[in-house]
Amino acid sequence: MMEVKCKSCSENISTHTQISEQQINEAIDKLTKIKKIRLVDDSTYEYRLSQCRDCKYLEFGVTCLQCGCFIRIRAKLADAGCPLSKRKRWSPI
Ligand code: SF4
């Protein structure tokens, strides 16, 4: 079993305890119910995910090693950006 150290917390995370699809969908569903949080439209969301899929900092297909976030959740947030700001990977040209 491989363990990695999360950049944003002190816990070691086992690859066997990754977040499930259901947990991600539940988290996104909760976000949609919070009025103060602005979400991106579906095409922007898919664009962001496509950028992450090609990124060397995407770990196990779910976590960004630059910010420690679950990408499927962070990419939904309109006010969130890719932490590699100089490259502006989440900004369509
Ligand atoms: S948010 Fe940026 S740095 Fe993180 S995986 Fe996606 S493209 Fe890479």
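Counting convention: from 1, in listed order, for ligands and their atoms alike.
Residues A75 and V40 come closest through the heavy atom pair O-CG2, 3.4 Å.
Under 2.8 Å from atom 2 (Fe) of ligand 1 lies an N/O/S atom of C82, whether from backbone or side chain.
Protein heavy atom closest to atom 6 (Fe) of ligand 1, with residue, atom name and distance, is C52 SG, 2.4 Å. Summary of contacts: the protein heavy atom closest to atom 4 (Fe) of ligand 1 is C64 SG, 2.3 Å. Atom 8 (Fe) of ligand 1 has C55 SG, 2.3 Å as its closest protein atom, hydrogens excluded (heavy atom only).
At a threshold of 4.5 Å between non-hydrogen side-chain atoms, the residues I71 and R48 do not count as touching. Counting only heavy atoms from C-beta outward, the side chains of I37 and L77 approach each other to under 4.5 Å. C64 places a side-chain heavy atom less than 4.5 Å from the side chain of P83. Between F70 and Q23 the shortest side-chain heavy-atom distance does not fall below 4.5 Å.
Within ligand 1, the atoms closer than 4.0 Å to a non-hydrogen atom of P83 are 1 (S), 2 (Fe), numbered from 1 in the order shown. Interface atoms of ligand 1 facing L84, defined by a heavy-atom separation under 4.0 Å, are 3 (S). Within ligand 1, the atoms closer than 4.0 Å to a non-hydrogen atom of I71 are 1 (S), numbered from 1 in the order shown.
The closest donor-acceptor contact from the side chain of R74 to the backbone of G81 lies under 3.5 Å.
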